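Positions are given from 1 along the sequence. The shown structure was predicted, so the numbers you read here are calculated from the model rather than taken from an experiment.
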Amino acid sequence: MDHPQTNVSACAAPFYRGLTDEQCRLIHCASLETLERTGVMLYYQPAIDLLEKAGCLVQDNHVRIPSHLVEWALRTAPSRIMLYNRNGEPVVPLGDRISTYGTGSDCLHVLDHRTGERRTAVLQDIVDGIRVADAMPHVDFIMSMFLPSDVPVAAEVRQVEVMLTYSAKPICFVTYEWEGTPEIIEMIEAAVGGAERLRINPTAILYLNPTSGFRHNEAALRKLMYVAERHLPCVYWPEVGRGLTCPITFAGGMACSNAGHLAGLVIAQLVSEGAPVTLCTAVPFSIDMRTMVVPYVDPDCKGFGLEMSHYYNLPAFNWGGMSDSKLLDEQAIMEATLSLFAATLNGGNLIHDVGYMESGLTGSLELVVICDEIISWLKAFMQGLEISEETLALDLIHQHALSGDFLGTQHTLRHVREGWGPRLVDRQNYDKWLEGGGTSMRARARAKVDDILNSEPQRILPSEVEKRIKAIADNAVADQGG
């Protein structure tokens, strides 16, 4: 699904390379050998039948995929995917080294900005989180942020209902099992005006987590084939853990992770040639062997996995703006900044998890606001320099350089708003800062969250569409015993 250049708020990173082409080729060849020699275990018969018909060697659930089939799938998969907002405007381009940013999903806890306490998340936290994320100009797409403890079944259906109700931004959504997936897509179709409208201008992307790179569970495969049939975009990310489900060496882990991604890509392309599947970052997760915690902000990856997506010229899923800290402290800000900067320099396309803390277990609305400021800085940092007759201004230099007076010129007036303008960062002198309350960045972020949540909620959908979506959600909940 190739698209022309559009005027979007995004960053492009043209100059950083984590791996050479030769190193990418070696990982690619290792992945091909792994798929052909070792194979994968699949637990959904239609997927197995599809691969067997395409010439794969099948024995029960064990499928070995020949290299030529992988190479074909890489040629047919789209190199770019465009996500649209609810108004049909192209706003999130996925491909090349263009970076876009969004929140994460399913945090079990929230760091309450009102009390500073860590508590269990509820459905209202999703409403609050989506409202805050929607108000952030540099958060390009949204995810649910929290897993509500007060929704015992079909939580993902309620999450999508909230996202559709309170934001027009593109959404990335998660479904836990097969149940609820068709209803969620029906809800999104209702929000945009029908199935064909959604296919032409996709406003949502499904995020799938198969069991591992070598074991692909039934629900993930069924959902993958379902969206591929409808030509809807999805992220297919089978996680592998270093020293657990793959070799502990990073290169060996990358080969296993990449093999799992390629298996999903082949299946999607066999279902529907050209199906828009993002080839996720081929990065095995690490475990801190001292604590057995999976760290979210680990420099070990160094963007290597993203280079495989760029090597294949396919969109890349990545993460940034998160922390392993339990408090919104110096560690949290350091890790959020470094992870965003690394993901941007490496050309991550769909950079999610903005606002994550505690290794993905807790979400913070204050951190979302702070990360929005960091992202705005990064977008300004990554912009190129325009060199033209207007910007060089040689005649103006000739007229005013010796007197040193450029302030009153029309040229200065025309360009005075160029450059980065902070919304949260303080640039006052000390006295002015003190007069304004002498606040910290966290205090200003907290005040911004309060301003948003104290305002009248903006409901995006027409009332009849909102009722239709709620009816679909209610039926899905009832079907699952809620």
Side-chain angles (χ1 to χ4, degrees), residues 86 102-136 139 141-177 179-188 190-191 203-204 206-207 352-358 360-369 446 449-461 463 465-482:
R86 212 72 56 73
T103 53
S105 68
D106 299 317
C107 289
L108 300 178
H109 305 96
V110 57
L111 188 63
D112 195 315
H113 73 283
R114 303 173 184 90
T115 65
E117 300 286 329
R118 173 185 180 269
R119 60 169 174 78
T120 303
V122 295
L123 186 62
Q124 184 60 43
D125 292 312
I126 300 179
V127 175
D128 292 348
I130 296 307
R131 290 185 62 199
V132 169
D134 184 70
M136 295 298 103
V139 172
F141 64 92
I142 55 172
M143 296 183 76
S144 65
M145 298 185 66
F146 302 106
L147 181 64
S149 61
D150 55 345
V151 181
V153 298
E156 66 268 52
V157 176
R158 294 302 186 199
Q159 289 171 333
V160 173
E161 182 184 359
V162 170
M163 288 190 281
L164 292 174
T165 301
Y166 292 97
S167 179
K169 291 183 178 182
I171 68 175
C172 181
F173 66 98
V174 176
T175 60
Y176 311 119
E177 300 296 337
E179 291 76 18
T181 304
E183 290 86 351
I184 285 174
I185 293 175
E186 185 182 358
M187 291 161 63
I188 299 170
T203 189
L206 172 60
Y207 175 34
H352 78 307
D353 286 354
V354 167
Y356 264 23
M357 299 182 65
E358 196 192 343
L361 295 177
T362 296
S364 166
L365 303 189
E366 295 162 285
L367 185 56
V368 171
V369 173
R446 186 184 307 124
V449 172
D450 280 334
D451 287 345
I452 295 167
L453 298 184
N454 290 336
S455 64
E456 186 68 24
Q458 179 185 8
R459 304 180 83 91
I460 303 300
L461 299 167
S463 59
V465 176
E466 189 172 323
K467 290 177 183 177
R468 169 64 179 151
I469 288 173
K470 186 178 187 308
I472 298 169
D474 289 345
N475 289 335
V477 171
D479 288 345
Q480 296 186 44

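- Here the side chain of K169 pairs a donor or acceptor atom with the backbone of A133 at under 3.5 angstrom.
- Listed for the Y207 side chain is no donor-acceptor partner under 3.5 Å among the backbone atoms of S105.
- A distance of 3.5 Å separates CD1 in I142 from OG in S167, rounded to the nearest 0.5 Å.
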Verdict with reasoning, E186 to R468, per salt bridge (Lys or Arg N to Asp or Glu O under 4.0 Å): CA-CA 10 Å; E186 185 182 358; R468 169 64 179 151; 2.6 Å; yes
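- N454 places a side-chain N or O within donor-acceptor distance of the main-chain N or O of D450, the cut-off being under 3.5 Å.
- In this structure the side chain of V354 never reaches within 4.5 angstrom of the side chain of M136, judged on heavy atoms.
- Under the salt bridge (charged side-chain N to carboxylate O under 4.0 Å, His left out) criterion, D353 pairs with no residue at all, not counting sequence neighbours.
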Trace of the side-chain contact (heavy atoms from CB on, under 4.5 Å) decision for S455 with R131: CA-CA 10 Å; S455 64; R131 290 185 62 199; 3.3 Å; yes
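- Taking OH of Y166 as the start and CZ of R459 as the end, the distance is 3.5 Å to the nearest 0.5 Å.
- Between I188 and F173, the closest side-chain pair of non-hydrogen atoms falls below 4.5 Å.
- The two residues L111 and G116 come nearest to each other via the heavy atoms CD1-O, 3.6 Å.
- A side-chain N or O of H109 and one of R118 form a donor-acceptor pair less than 3.5 Å apart.
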R446/D112 under salt bridge (Lys or Arg N to Asp or Glu O under 4.0 Å): CA gap, chis, key distance, verdict: CA-CA 10 Å; R446 186 184 307 124; D112 195 315; over 6 Å; no
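- For D106, the side chain to side chain contact (heavy atoms under 4.5 Å, CB included) criterion is met by S144, L147, Q159, V174, Y176, not counting sequence neighbours.
- A 4.5 Å side-chain heavy-atom check between L164 and M187 finds at least one atom pair inside the cut-off.
- In this structure, M143 and I171 have side chains that are not in contact, with every pair of non-hydrogen atoms separated by 4.5 Å or more.
- Using modelled atom types, one finds a donor on one side chain and an acceptor on the other under 3.5 Å when comparing T181 with T175.
- Considering CG of D134 and CE of M163, their distance stands at 12.5 Å, rounded to 0.5 Å.
- The shortest non-hydrogen separation linking G363 to F146 is CA-CE2, 3.7 Å.
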Criterion side-chain contact (heavy atoms from CB on, under 4.5 Å) on M145 and D125, from CA distance to verdict: CA-CA 8 Å; M145 298 185 66; D125 292 312; over 6 Å; no
side-chain contact (heavy atoms from CB on, under 4.5 Å) between L461 and R86, intermediate numbers included: CA-CA 9 Å; L461 299 167; R86 212 72 56 73; 3.6 Å; yes
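- Looking at heavy atoms from C-beta onward, I184 lies in side-chain contact with V157 at the 4.5 angstrom threshold.
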Check against side-chain contact (heavy atoms from CB on, under 4.5 Å), V369 and L365: CA-CA 6 Å; V369 173; L365 303 189; 5.8 Å; no
Pairs under 3.5 angstrom only: tabulate donor-acceptor contacts from the side chains of residues 469-477 to other protein residues two or more places apart or in another chain.
| unit_1 | atom_1 | unit_2 | atom_2 | d |
| --- | --- | --- | --- | --- |
| K470 | NZ | D474 | OD2 | 3.0 |
| D474 | OD1 | R158 | NH1 | 3.0 |
| D474 | OD1 | R158 | NH2 | 2.8 |
| N475 | ND2 | A471 | O | 3.3 |

